[in-house]
K.L.:
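First the structure, then my questions, so here it is.
Throughout, a chain's letter reflects where its sequence line sits, starting with A, and its residues are numbered from 1. Everything numeric here is computed off the predicted structure, so don't read it as measured data.
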Amino acid sequence: MSRLTVFVVEDSATIRQNLVATLEEMAPVQVVGYADDADGAIAHIAHDPPPCDLVILDVLLRRGSGVDVLKALRFRAHRPRCVVLTNYATRLIREHCLALGADRVFDKSAEVERLLEYCEALARERP
Amino acid sequence: MMLSLPGWRSRLSYHLAGPLAVLLAVAVLAINEAGYRADADLVARRDAAVETRLTVGRARRMVLLMESAQRGYMLSGKADYRVPYDEARAQTDQVLQSLRALAERAPTHRQNLLLLIDATQKRVSELAEVVRLFEANERDRALALMLTDIGREQMERINELVEEVVRKEEAASGSAGRQRERVRIWTVLALVGLVLLCLGAAFTAMRLNRERDRERAGHVQDLQAERDKLEHEVARRTQDLSALAQHLQTVREDERRRLARELHDELGGLLTAAKLDVARVRKRLQEAGPEVLERIRHLGETLDAGIALKRRIIEDLSPSSLANLGLQRTLEIQCAEFSQRAEVPVEASIADVGLTDERELAIYRFVQEALTNVAKYARAKRVQVSLQPDGDHVSVQVRDDGVGFDPSQARNGAHGLAGMEFRVQSCGGQWLVQSAPGQGTLVQARLPA
């Protein structure tokens, strides 16, 4: 099983470092890059072919929002999977993000394990 | 051209003007009266003079008539010529009587008149004597008597006396006339003086009045200027206070945002990292005892509680979803969460209107405050929240069917109403509250879009 390539969009360095470490330790994940604002993320990701399998998006970023990234990637022909990992995972935010093309929405504090499971499942799907 | 009278002089002239005018009027009246009297006097004088002249003239004429009649009689010897003589002579007593009366009346002429009487009597008796002698056929003696100078002297005397009286009389008349003239001149002068004084007084009064009016206008202007200054001051102060309140509000919002940000960035980061650590540790500690796992689980729960608390605080301080999801979604979330917490159905009818950040925050806070009030006081069974466009404004309403209150009773400080009102008004909006005890409550804000 090859590792899942993941791009992290998160503006808090503390969380990002911790998240990257956790992901790489507890799931077959390789973090290939990160950005801390929406424009930076879009610049990295919006390529053909996309540079990663999965994008993990925080909603609240230093500039812009994870939602902007979702919108930017929504109608691209080759787009990576996008999941939202956020502290504000209310029902309506979930609905909103899912409507914009996110595959999943995970609560940053309560659903990290679900994220890990998801990454594992995704990695298993890969050839 | 200012008539400026220094204080004491103007006061003096003000006070003297009246009495002076009265005094001068009385003087003019007195002079006028004197003139009138002098006139009457003059007329009387003139009458007396005429009478004097007539009287003495009559005396002289009588004597002359007698004389010429006597001469004629003596020349002709005819009885016809005696008639005029007799007629003239018949008047003697009357004439003498009138002379005596005149002498009594006119003391100035008394002496002359007495002499005249005497002379006239003598002349008359002399003439009579000649006639008697003539008629007694003593012509020679008659002629001799006639040719003496006595008669002529007497006649001259009479003439002289009469002339004297007449001359004196005319002199007196003349002097009375001159005196009358003097009095008239004085009268005219006094009248002119009075007129000038009146004109002067009127002039001065006009000037004083104008000055007083000017002073009054000046006072009014001063008062108005003072009032304008005060109004201006009040307006300025009000503006200052308004600006200060606005500033404080902004500062508070900024601070809240900052706190939220810090909580989210720093604290949030720490808590999340801790949770991630817990996840990792838990994986590793699968083989450890149940106690350890229990500790880890409890640690996880504690962190969850901390995170939940932090989230609540942040949301309260600065609604994140406003920036991320927009006002419509945020209000919908707000209504939903309130409905869940307060266990009251909320009908939300939120239109998607585009507003500035400040206005969106104002509306968010408005609804937040209104819903807080509903939760605290209303005991409502149904709540309606709506945000709709309204021409070039937007209208946000929160209506409940709870116990209501009396807006005129509640002081504005209560129920956060003052804060709501100020926030709405500082965005240039209108704020409305309608409520009555037992009839629910409606709060509404109408902001420019």
K.L.:
Heavy-atom distance under 4.5 Å to chain B: side chain of A/Leu19, backbone, both or neither?
P.N.:
both
K.L.:
Under 3.5 Å, is there a donor-acceptor pair between the B/Gln384 and B/Ser349 side chains?
P.N.:
no
K.L.:
With a 4.5 angstrom heavy-atom cut-off, could you sort out which part of A/Asp11 is near chain B: side chain, backbone, both or neither?
P.N.:
side chain
K.L.:
Taking side chain as everything from C-beta outward and backbone as N, CA, C, O, which of these in A/Ser12 sits under 4.5 Å from a heavy atom of chain B? Side chain, backbone, both or neither.
P.N.:
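For A/Ser12, side-chain heavy atoms alone lie under 4.5 Å from chain B.
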K.L.:
Quiz question: by atom type and distance under 3.5 Å, do the side chains of B/Gln249 and B/Arg252 form a donor-acceptor pair?
P.N.:
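Side chains of B/Gln249 and B/Arg252: no pair found under 3.5 Å.
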K.L.:
Please output the side-chain donor-acceptor pairs of residues 97-105 of chain A that fall under 3.5 Å, not counting sequence neighbours, one pair per line with the distance.
P.N.:
residue  : atom : partner  : partner atom : Å
A/Asp103 : OD2  : A/Arg81  : NH1          : 2.8
A/Asp103 : OD2  : A/Tyr118 : OH           : 2.5

K.L.:
Is any side-chain N of the basic residue among A/Arg16 and A/Asp58 closer than 4.0 Å to the acidic one's carboxylate O?
P.N.:
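No, this pair does not count.
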